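One is the number of the first residue; the rest follow in order along the sequence. Since the structure is predicted, the reported quantities are computational estimates derived from the model, not experimental observations. Counting convention: from 1, in listed order, for ligands and their atoms alike.
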Amino acid sequence: MFTWEQNVRKVVPYVPGEQPNQPGMIKLNTNENPYPPAPGVARALKEISSDRLRLYPDPTASVLVKALADRYGLKPEQVFVGVGSDDVLAMAFLTFFNSGKPVLFPDITYSFYDVWADLFRIPYACQPLDENFRIRREDYFKENGGIVLANPNAPTGVAESLSGIREILDRNPDVIVIIDEAYIDFGGTSALSLIPEYDNLLVVQTFSKSRSMAGMRIGAAFGQPELIKYLNDVKYSFNSYTMDLTALVLGVEAVKDEAYFKETTGKIIATRERVKGELRKLGFVFPDSQSNFIFATHPDIKAKDLFEALKERKIYVRYFPKPRIDNYLRITIGTDEEMDELLSFLEEYVRTQG
Ligand SMILES: *Cc1c(COP(=O)(O)O)cnc(C)c1O
């Protein structure tokens, strides 16, 4: 131990899903989209002149902010963008959770929330989901320093109704309520429509899942102008040039193509519903997912063993060795062909090992 180590900020880092890169693998472990981004994205990528890279990008990201504002019927002052929604969420934690009171989020949810809370020294209190992995609204009625809910939740896929979100907002007028809608385009009802009514609501979305652009790192937050202004103040105070030029240009292209967005999210939803039926036939049990993944368990099979067996076959899913969920696998919805390969493996596995 060096003496200086006493003064190092020690955090337990977030551990992302593996990023294997093997020929012939089926990658269903990090909720990426199996379809390419909108065709306009590829076209624009070819057309970006490298000469433009000499110059700094627009710090206000105005083209992307405007495209998102237009798409969602908001004013540009109601839109904040960042380098993936992870950046946006971290910025929101830093900006809004300074009361010293605990921030509330579920015990089973996106595992970055407690990492940021630790990093920024924000106290937090995890609220246990019920036995069906649903939030208990009344858990969020007590005194707190802010609330963060992923809706639909990860890794369960369970969606909370708009009336549930509304009730939580009504009970918490004095703190910021963040709704992380990383998966909202696959089902569930967005809280965007509540923005005019609640000055304390921040809705966060990402291009990583429904818009097939995880590699580009684009996220956004929506709220009333005062909230957005505070976020921008914090962002500009330490890094104004957060989004690169390519992300801005390509992000706009993705937002513009509504037809393609509908088509690909629709395909994923259809595949998900079909896979739900097939998994049920094999005896798997899971909460009713409204996202691009299914969080499944099987009464006769150990999730960890199945996880390893799938990996042998180069089929990657996500396993969380955590209390309450260590007998579940989170399976991202891929193409129909990918899911058929998964299902035929599972059928054999259940028959021989179950
Ligand atoms: C994937 C995900 C994010 C982060 O996505 P980015 O790639 O950083 O935009 C945020 N919240 C949840 C719940 C997610 O699943």
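- For the pair Arg330 (side chain) and Asn29 (backbone), a donor-acceptor distance under 3.5 Å is present.
- In this structure, Lys311 fails the cation-pi test against Tyr316, since its NZ or CZ atom is not both closer than 6.0 Å to the six-membered ring centre and inside 45 degrees of the ring normal.
- Using modelled atom types, one finds no donor on one side chain facing an acceptor on the other under 3.5 Å when comparing Lys304 with Tyr319.
- Judged purely by distance below 3.5 Å, without hydrogens or angles, the side chains of Asn144 and Asn172 pair a donor atom with an acceptor atom.
- The side-chain tip of Lys267 points at the ring of Tyr35 from less than 6.0 angstrom away and within 45° of straight on.
- Residues passing the side chain to side chain contact (heavy atoms under 4.5 Å, CB included) test with Glu47, sequence neighbours excluded: none.
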For ligand 1, output the ligand-protein N/O contacts shorter than 3.5 angstrom; if there are none, return none.
| unit_1 | atom_1 | unit_2 | atom_2 | d |
| --- | --- | --- | --- | --- |
| ligand 1 | 5 (O) | Ser85 | OG | 3.2 |
| ligand 1 | 7 (O) | Ser208 | OG | 2.5 |
| ligand 1 | 7 (O) | Arg217 | NH1 | 2.8 |
| ligand 1 | 7 (O) | Arg217 | NH2 | 3.4 |
| ligand 1 | 8 (O) | Ser85 | N | 3.3 |
| ligand 1 | 8 (O) | Asp86 | N | 3.0 |
| ligand 1 | 8 (O) | Asp86 | OD1 | 3.4 |
| ligand 1 | 8 (O) | Asp86 | OD2 | 3.1 |
| ligand 1 | 8 (O) | Arg217 | NH2 | 2.8 |
| ligand 1 | 9 (O) | Ser85 | N | 2.6 |
| ligand 1 | 9 (O) | Ser85 | OG | 2.9 |
| ligand 1 | 9 (O) | Thr206 | OG1 | 2.5 |
| ligand 1 | 9 (O) | Ser208 | OG | 3.3 |
| ligand 1 | 11 (N) | Asp180 | OD1 | 3.4 |
| ligand 1 | 11 (N) | Asp180 | OD2 | 2.6 |
| ligand 1 | 15 (O) | Tyr183 | OH | 2.5 |
| ligand 1 | 15 (O) | Lys209 | NZ | 2.9 |

